[in-house]
Protein chains: 2
Amino acid sequence: METRELRYFVAVAEELHFGRAAQRLGIAQPPLSRAISQLERRLGVALLERTPRSVTLTDAGAVLLHEGRAALDAVAAAEHRARRAGLAAAGEPAVVLAAKAGASSELLAKLLHAYAAEPDSVPVEVVLCGPGEQAGLLRDGRADVAVLHRPFDDTSGFDTEDLATEGQVAVLPAGHPLSTRADLRLSDLTDVPELPLPRWPGPDGTYADGPGPEVQSQTQLLQLVSLGRTLVVVPDSARSQLHDGLIAVPVVDAPAVTTVIAWPPHSRSRAVAGLVNAAVRL
Amino acid sequence: METRELRYFVAVAEELHFGRAAQRLGIAQPPLSRAISQLERRLGVALLERTPRSVTLTDAGAVLLHEGRAALDAVAAAEHRARRAGLAAAGEPAVVLAAKAGASSELLAKLLHAYAAEPDSVPVEVVLCGPGEQAGLLRDGRADVAVLHRPFDDTSGFDTEDLATEGQVAVLPAGHPLSTRADLRLSDLTDVPELPLPRWPGPDGTYADGPGPEVQSQTQLLQLVSLGRTLVVVPDSARSQLHDGLIAVPVVDAPAVTTVIAWPPHSRSRAVAGLVNAAVRL
DNA sequence: CATGAGCGATACCGTGGGGGTATCGGTGCC
DNA sequence: GGCACCGATACCCCCACGGTATCGCTCATG
């Protein structure tokens, strides 16, 4: 099976529409139809159920969608990491670390400092990405190692080391009645009509319905909090980035957040090993 | 990057010889040379160092070999599992379990029996393979779940659950001086000139040099033990398969062997989940 | 019930790239 | 110095992939 066939199938399986999938792939619809039916013939199984009005996945199609995404990620990872290893000779950074923007920033700084002090360290490129994107970067090879946060991020499929565990705090506008409390419970925060929870865009870029404001970035969110439009619950370490007008109150029954360093289990990079070593020593 | 290119590169990187690699791939040498240099041009990095007398891997080439093998396994896994999911509708077994031939046979029997008794169980195909082959079957999708033995098998990259831990015993021919001992240490077993350790074929099918007999199978090995030509150290549970003429003596300082059930971390198969569930309940 | 819109499949054609053979060019060995 | 070995190059062929045009089926609509 060629990656081209896999890319085509994944596109159709995601769109459930040959025309749109073809458009996304930048080809015409007929060759796409042919490629899929040829793939089905070669596999000897039906992947899609076609009616003139709709396309649905068969069981085999659902399996191929899952496994195919993982396979395409693995191919992309091979390409990314090989290219990076080649450019490393030209002085480019040889290792990429992915971290959530605005999270664990102190820990991250200490980690990079500690690693840079090691004798055989190499330049590290840090990619700050949106929440939940680190795992994707790690899977398709755009990154070699990542800082994740359980239970928010899915660590399955990676090797990990725990670095720190912390509680969570609610960030509230100064002056709000709740902001004077010594601590809070999650039940205090749901159904606060004047501070509805914010809504983040989904993977497809659209927003779910709800009363809360639509947000795209941490900065924007904190500004909305200080304007008294919403509230947010964040790990304790994020306190250091709060400016005036924002009050942090511990939420005693919020799940503990564990910061972990994660890397692909088959990684043999000495730089990744060095970073992990420096991290566990912190 | 197409899987064809990856297959070609992996062949050359493993053979370090364009002619042999081409032969292995069933194509002529010139198109292979072109494909590799085209791949290097597209990646923008050198993968191989060529001299008229030898071919060696660059750093980038070594990375691509590693990551590329994983990627090819992932593609093969997608293909195998999709095909199996399709054929499951036709009454074929929907899930394949890989286990080492002759190991943990009682536990395996109990597991299969317990799972078959569950309400939503499906037929399970059991593949008995040689030592260390289970992980490969799991990686390229020929199997969905496997029974492995730490520390012999490498479990990295899989999710696992421990099932049992046991000590190891030395299997000796009846009548040998050591066979009357209540227990042994590893140091008693190295350098027993009349019972040199057996030699298994490597991944390439060849044998390392040494005094011990060359063996291919467990049966053959045990027969050689009873003939007084070699000795072997195996997990305690293998005792049940020893026939007359063979004596098992505990080796007190041999590493403990843990039987684990392993599956790909991203597996969403209900059958795999059911097998794992049945296994941990044993 | 007829018509048209939407969508995937089919028919047919052109071209680019992957594969083949023949040969070259460079290197080390007898 | 000639030869053997090995990867690269030159040249050719063919097919598989992609494009355009069109068909066939189904359902919504008046």
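Keep in mind that the numbers below use all heavy atoms, side chains included, and drop hydrogens, waters and symmetry copies. In what follows, chains are A, B, ... by sequence order, proteins preceding strands, each numbered from 1.
Using a 4.0 Å cut-off between charged side-chain N and carboxylate O, B:Asp209 and B:Arg199 make no salt bridge.
Annotation: of the two residues near DNA chain D, A:Pro30 and B:Gly19, the 5′-most nearest-nucleotide partner is B:Gly19. Of the two residues contacting DNA chain D, namely B:Phe18 and A:Ala35, the nearest-nucleotide position lying further toward the 5' end is that of B:Phe18.
Side-chain contact between B:Leu275 and B:Val95 is present, with heavy atoms from C-beta onward closer than 4.5 Å. Counting only heavy atoms from C-beta outward, the side chains of B:Leu221 and B:Trp200 approach each other to under 4.5 Å.
When rounded to the nearest whole Å, the span between CD of A:Gln29 and P of C:dA9 equals 7 Å.
Remark: B:Arg50, B:Pro52, B:Arg53, B:Val55 in residues 47-61 of chain B come within less than 4.0 Å of DNA chain D through at least one heavy atom. Applying a 4.0 Å cut-off to non-hydrogen atoms, the residues of residues 2-11 of chain A that approach DNA chain D are A:Arg4, A:Tyr8, listed by residue number.
Remark: B:Asp73 engages no residue in a side chain to side chain donor-acceptor pair (under 3.5 Å) (not counting sequence neighbours). Listed by chain and number, the residues in a side chain to side chain donor-acceptor pair (under 3.5 Å) with B:His149 are B:Ser104 (sequence neighbours excluded). Residues passing the side chain to side chain donor-acceptor pair (under 3.5 Å) test with A:Arg229: none are found, sequence neighbours excluded.
When each of A:Arg20, A:Arg69, A:Arg7 is tested with A:Glu14 by the rule salt bridge (Lys or Arg N to Asp or Glu O under 4.0 Å), just one qualifies, namely A:Arg69. The residue from A:Leu47, A:Leu64, A:Leu16, A:Val12 that alone fulfils the side-chain contact (heavy atoms from CB on, under 4.5 Å) condition with A:Leu57 is A:Leu16. Screening A:Arg34, A:Glu40, A:Arg41 for a side-chain contact (heavy atoms from CB on, under 4.5 Å) with A:Gln38, the sole residue that qualifies is A:Arg41.
Geometrically, B:Arg4 engages B:Tyr8 in a cation-pi contact, judged by NZ or CZ lying under 6.0 Å from the ring centre and within 45° of the ring axis.
Of the side-chain N and O atoms in B:Gln38, none sit less than 4.0 angstrom from OP1 or OP2 of C:dG17.
Along DNA chain D, the stretch of nucleotides lying under 4.0 Å from any heavy atom of chain A spans, 5' to 3', D:dC17 to D:dC27.
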